[in-house]
Amino acid sequence: MEKLPNINLDRKTINMMFMSRIAEGGEAVICRGFKPNSLIKIFVKPESSEYSDSFRVPLYPDLITMPENKLSKLEVIHQSGLEHSVLPLCTITMHKRLVGYEMTYDPNDKQLNGQNLSREELIHFLEQSKAILEYYKEHDIVYGDVNANNLLINRKTGQVKFCDIDNIKIGEYPIDVMGRDLNIYTILHGLDSSADAYMHNVMTLHQLRKDRFGMIFEPVSWLVKKDFSKDLTNDAKEVLESMREPKNFNGEYVIQYIKK
């Protein structure tokens with residue numbers, strides 16, 4: 001099968017790309033791509049903050065080699081024609097070292113987090129994202145880090161897709177980095193497709209609470225004890241109760257019990 005193409009860039013070009021960064025995290029910087037419909041992800045070494053446990057990314061950070069595990073997953077995704085996802089276009093090397101990749105981009109795609117949506121729109125996008133996670137399950141994928149920052153919504157087309165696709169579990173290739181809730185779930189329950197249902201439920205509950213209480217990032221065991229009677233039918237109680245202890249989670253999506 002066709003392998004991902006590769007382009008080689010020098011450090012000066014990458015530094016210029018860092019000037020147009022649009023996002024950054026603990027392992028990479030996202031920059032404008034070479035075309036209007038692409039973005040570039042460069043893996044970097046963040047610096048510890050002097051005043052907190054967080055990290056900061058300098059304007060011109062040191063680059064790190066993209067893990068082989070991520071490359072293997074990108075190759076599988078490229079060859080499989082995976083749908084509902086941001087897709088890799090090519091890998092990027094600097095001085096023969098793999099440092100990132102270029103990916104598809106639609107300027108109309110926005111992170112779910114921070115969008116001012118009607119209740120009808122929110123339900124639509126949450127239901128679509130559930131369907132995508134079930135599609136992933138059919139393709140031996142556990143997305144894992146399901147959250148409102150990794151869910152891209154397009155109000156123009158009404159479609160949804162997931163980004164950060166190099167961090168999924170696909171086949172034999174594991175997730176690279178886990179957030180707090182997913183890490184706790186994996187320790188107490190194990191990592192299988194039920195993790196996506198669990199994390200989707202956490203995202204859904206946070207989104208339902210947002211208008212009244214704000215986005216409060218609290219332990220899941222506290223979150224599920226809140227009163228969701230205005231948003232969910234009584235049938236949701238069993239799901240919420242099972243989420244108090246991840247090892248007891250029943251694997252159901254709470255979105256199916258939402259009041260419309």
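Quick caveat: nothing in here was measured; it's all calculated off a predicted structure.
- Under the 3.5 Å distance criterion, the side-chain polar atoms of R32 are left unmatched by any main-chain donor or acceptor of I40.
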Exercise. Check the pair K169 / Y143 against side-chain contact (heavy atoms from CB on, under 4.5 Å), numbers first and verdict last.
Key: CA-CA 6 Å; K169 176 185 181 297; Y143 183 83; over 6 Å; no
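- Panel note: side chain N201, backbone V239; no donor-acceptor pair is recorded below 3.5 Å.
- Side-chain contact, D106 with N37: no donor N or O sits under 3.5 Å from an acceptor N or O.
- Looking only at atom types and distance, the side chain of H124 has a donor-acceptor partner in the side chain of Q128 under 3.5 Å away.
- The ring-ring contact (aromatic ring centres under 6.0 Å, His included) check on F34 picks up nothing, with sequence neighbours excluded.
- The CG atom of L9 sits 11.5 Å away from the CE atom of M16 when rounded to the nearest 0.5 Å.
- Rounded to the nearest 0.5 angstrom, L223 CG and L240 CG are separated by 8.5 Å.
- Judged purely by atom type and a 3.5 angstrom limit, D164 has no side-chain atom pairing as donor or acceptor with the backbone of N167.
- Relative orientation of the H84 and Y135 rings is perpendicular, given thresholds of 30° and 60° on the angle between their planes.
- Looking at E102 and K35, a side-chain N of the basic residue comes within less than 4.0 Å of a carboxylate O on the acidic one, giving a salt bridge.
- Listed by first and then second residue, the ring pair (Phe, Tyr, Trp, His ring centres under 6.0 Å) pairs involving residues 165-199 are Y185-H189, Y185-Y198, Y198-F249 (not counting sequence neighbours).
- Here E241 does not pair with K225 in a salt bridge; the nearest charged N to carboxylate O distance is not below 4.0 Å.
- A donor-acceptor pair shorter than 3.5 Å can be found between the side chains of N113 and N149.
- Here the side chains of K41 and F43 are in contact, with some heavy-atom distance below 4.5 Å.
- The distance from atom OG of S229 to atom CG of N234, rounded to the nearest 0.5 Å, is 8.5 Å.
- The shortest distance between side-chain heavy atoms of V202 and M243 falls below 4.5 Å.
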